[in-house]
Amino acid sequence: MAVSRQAMQEWIEAAKARHAFFEEQQQRLLAERKGYTQEVERLSELLGRTRQELVGHLLPDLDDEALTALEQRFSYAGGLLPVKHRTEEQLAVVAREKAALEATDDVANIEFHLSRAADERAELKETYTALKAELQLWLDNRHWQALVTRGWFTPGYRAGLLDRLRDWRAASFLMAMLEYQRPGKKYQSAEALRADYARLRGTADPVFEAYEDLGRRQEGLRELKARYEALCEAPAKLMQELYAELGKAIQGHFEALPDDTRQSLAGNDRDLALYLTKERGLTKQIDYLQELTVTRIDGPLQALADQQVRLGAKIQKMQAKLLRGKLVNIDSGQLASLRDLKRDSWEKRHAGLTSMRTRLGGFNDYSRGSLRDDFLWWSIMTHNARGDDLYEVRTFYERNPGWDHRQYQSGLASGHDAALDQAAVSLADDMGDGFGDGSRLLDAS
């Protein structure tokens, strides 16, 4: 134990170094968090495309007959046709509004009208700007403001003796200031001032109104053009939304089915089984990455922030004592603890986060998965990595102690219900989205 200024200074330097180390770890965790977020966004886009592909596979045609047949096939009466009919109603509304706009001259000749309004406004701009500047000299003058408030410029102006004297004085000041601001301008009387203001408003107001009307005309035409363009794009967007909604409805229906029924329906269509397992796998990847972001990144980030606040306060107190010459005992063990940054542990943490993001994001061997609820995708995606900080993983193993994904690996890869022909294998390759062999990627990490 030491009591000296040198020992206190050593403590402060060690504490500052620790504080800087915490800041460095925060920045690295934030960078990793960004990586997790980007991976979730990428997988979410892939999930959306997969759901559209699923509907495209099941519904090459979207007529009522095809939807009815699909409802019957999957015992999903009334689950798909209403979705399509709602979209048809929206398409009809879009078509009617688009046709109505096309019948107007403004839309039929939109570019001509926009150009004409712009040209007319440009012609007025110089006059508008000059008149605006001249009028502003009046508007900014406090004497003019007072006179306007009391109605001095109106034809029906009436006032008593004292008020007239007060307004005469204000008008005199206004004349003097306007003459100073506009060299060469002279007013012979208050009536001349009134007449000059009336002349200016009579000239300026119509120009202002025309200029502003043309501006509103331009804005209205631009909004009309944007609306028409949106209506032109709407059918394609509505069809995309229809496919997405149908895919969501079909997937939701499959999720609600008992395991045996779901497996039976998917197993009779090998391509469908691959689509559905890919959809399930992608959903799991996204869920895992999002939960890991909370448990393994946000948690440590908050802990680091708390430690930085506490350490920063201790540094300030120690510096204040040192400045006052108040010496304190510095325990050697405490100093050693401050200097022990546990760099190796932090490096392992960062490496583990990167490795887990790579494993989960790079997994694409969805044919090894299962649609069954008693299957843990985490196990196959991470090669049985520790995951007790994830609710699903923890509770799954509590219900299924000793479970091993390898007993299910025959799932889609073999067996009567999931025998893959060459076409299905090609489909699985196409659905891999360019990631290559997921198992090799996981082994390499």
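Sequence positions, counted from 1, serve as the residue numbers for this chain.
H85 pairs by the side chain to side chain contact (heavy atoms under 4.5 Å, CB included) definition with D64, L81, E88, not counting sequence neighbours. For M177, the side chain to side chain contact (heavy atoms under 4.5 Å, CB included) criterion is met by N141, H143, not counting sequence neighbours. Checked against side chain to side chain contact (heavy atoms under 4.5 Å, CB included), K321 has the following partners two or more places apart in sequence or in another chain: M8, R324, K326, V328. Applying the side chain to side chain contact (heavy atoms under 4.5 Å, CB included) criterion to H113, with sequence neighbours excluded, gives D105, D106, N109, R217, L221.
L70 has its side chain within reach of I250: a pair of non-hydrogen atoms, C-beta onward, lies under 4.5 Å apart. Looking only at side-chain heavy atoms (C-beta outward), L371 and E279 stay at 4.5 Å or farther from each other.
Taking 4.0 Å as the cut-off between side-chain N and carboxylate O, R296 and E32 do not count as a salt-bridged pair. Contact check on R121 versus D119 returns no salt bridge, with no Lys/Arg side-chain nitrogen under 4.0 Å from an Asp/Glu carboxylate oxygen.
Screening residues 14-30 for side-chain hydrogen bond (donor to acceptor under 3.5 Å, both in side chains) gives E23-Q27, E23-Q308, Q25-H350, Q26-Q308, R28-E347 as the qualifying pairs, with residues at least two apart or on separate chains. Screening residues 219-235 for side-chain hydrogen bond (donor to acceptor under 3.5 Å, both in side chains) gives E97-R227, E102-Y228, E111-K225, E219-R222 as the qualifying pairs, with residues at least two apart or on separate chains.
Taking the six-membered ring where the residue is Trp, W144 and F153 present tilted rings, their angle falling between 30° and 60°. Ring pair W377/F375 is perpendicular by interplanar angle, where above 60° counts as perpendicular and below 30° as parallel.
Closest approach of P300 and T295 over heavy atoms only: CD-O, 3.8 Å.
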